[in-house]
Each structure stands twice: as C-alpha cells, then as structure tokens.
Amino acid sequence: QVQLVESGGGLVQAGGSLRLSCAASGRTFRSRAMGWFRQAPGKEREFVAAINWSESGTLYADSVKGRFTISVDNAKNTVYLQMNSLSPEDTAVYYCAAGRAPRSIAGQYDYWGQGTQVTVSS
C-alpha cells in the first residue's frame, strides 16, 4: 500500500505560479515513477507530467510543455509540480499517482492521492 498526499493548491491570478507537492509513504519501493493528472469539471482526467524517482526520464503533456516542471526529492519521498504562466484553462483538481513507470495513461498507475484544487482567475 502506498499513500499519497497532495498539497500546494490554491487560487492564483493568470500568469502566476504555484508549486504542488505530493508526499509518498508506505511500501513505495515497487512504485518507481510518479505522475500528475488533472480533472476539470465535466472533463475526463488528463495527463500532465510524469517522472521516475531515478530522474532518468520525464514526460509532459503538450499543453504544459515549457510551463510546468516535474521533479522529485528522494530524501523527502516527495514529487513536485512547478506550474508557471498559469491560465484559466489550467483550473482543475490535480492528482498525483504512483506506478511502475512514467506513463501518460491513468490506468497504468497503481495508487492515487486525494487531489488538490488549483484555480486560476482571469
């Protein structure tokens, strides 16, 4: 069992920045990768970014390339999502997930956090 707890969401003005955190605990040794997804009202869950704990590779959705950066702190067992140049289209509940490899498909992850709300005002 892996527990994931997101934090760092909130309200920000368009053009601003936020950094999300996801703290992992439990039996994490089989979860080699972490991903971020988001879900806006009335829409399906959307891939955002993914990374190995070893930082051997990253994946980004086209919609966030150049604006968002995913990173990990192995000592703290925490994954981050730095979000810059935010726009109202980024408004969603953001979820972190743990899996065996960095992938863009939600079904390929084994554990999920409860989500944190990000709201970007115009």
Seminar exercise, completed: With sequence neighbours left out, the residues meeting side-chain contact (heavy atoms from CB on, under 4.5 Å) with P88 are A14, V120, S122
Seminar exercise, completed: So disulfide (SG to SG under 2.5 Å) across residues 38-77, not counting sequence neighbours, yields none
Problem set entry | Under the ring-ring contact (aromatic ring centres under 6.0 Å, His included) test, residues paired with Y94 that sit two or more places apart | none
For this session: Consider only side-chain heavy atoms of I, L, V, M, F, W and Y, link residues closer than 4.5 Å, and tell whether V12 and V48 are in one cluster.
Result: yes
Problem set entry | side-chain hydrogen bond (donor to acceptor under 3.5 Å, both in side chains) partners of E89, counting only residues at least two apart | S87
Exercise. Taking only residues two or more places apart in sequence or in another chain, which ones pass side-chain contact (heavy atoms from CB on, under 4.5 Å) with S121?
Worked result: L11, Q13
For this session: Of all the heavy-atom pairs spanning N84 and S17, show the shortest one and how long it is.
Result: OD1-OG, 2.9 Å
Problem set entry | ring-ring contact (aromatic ring centres under 6.0 Å, His included) against F47, all qualifying residues, sequence neighbours excluded | F37
Problem set entry | Verdict with supporting geometry, S63 and R38, side chain to side chain contact (heavy atoms under 4.5 Å, CB included) | CA-CA 12 Å; S63 60; R38 65 187 183 186; 3.6 Å; yes
Problem set entry | Approximate separation, where rounding is to 0.5 Å, of F68 CZ and T58 OG1 | 14.5 Å
Exercise. Which ILVMFWY residues are connected to V5, directly or by a chain of links, through side-chain heavy atoms under 4.5 Å apart?
Worked result: none
Exercise. Who pairs with R100 by side-chain hydrogen bond (donor to acceptor under 3.5 Å, both in side chains), at least two apart in sequence or on another chain?
Worked result: none
Exercise. For the atom pair CZ (R67) and CG (D90), what is the distance rounded to the nearest 0.5 Å?
Worked result: 4.0 Å
For this session: Sequence neighbours left out, what passes side-chain hydrogen bond (donor to acceptor under 3.5 Å, both in side chains) with T119? Give chain and number order.
Result: Q117
Seminar exercise, completed: Contacts of S104 meeting side-chain hydrogen bond (donor to acceptor under 3.5 Å, both in side chains) (sequence neighbours excluded), chain-then-number -> none
Seminar exercise, completed: So the disulfide (SG to SG under 2.5 Å) pairs with at least one residue in residues 66-122 (sequence neighbours excluded) are C22-C96
For this session: Specify the closest pair of heavy atoms between A98 and V2, including all atoms of both residues, with the distance to one decimal.
Result: CB-CG1, 4.5 Å
Exercise. Under 4.5 Å between any side-chain heavy atoms of M83 and W36, yes or no?
Worked result: no
For this session: State plainly whether one hydrophobic cluster holds both L4 and Y109, where clusters connect Ile, Leu, Val, Met, Phe, Trp and Tyr through side-chain heavy atoms under 4.5 angstrom apart.
Result: no
Problem set entry | hydrophobic_cluster_shared for L81 and Y111, side chain cutoff 4.5 Å | yes
Exercise. Could you walk me through whether L20 and E6 pass the side chain to side chain contact (heavy atoms under 4.5 Å, CB included) check?
Worked result: CA-CA 7 Å; L20 306 183; E6 301 101 328; over 6 Å; no
For this session: List in chain and number order the residues that pass side-chain contact (heavy atoms from CB on, under 4.5 Å) with T69, two or more places apart in sequence or in another chain; answer none if no residue qualifies.
Result: Y60, Q82
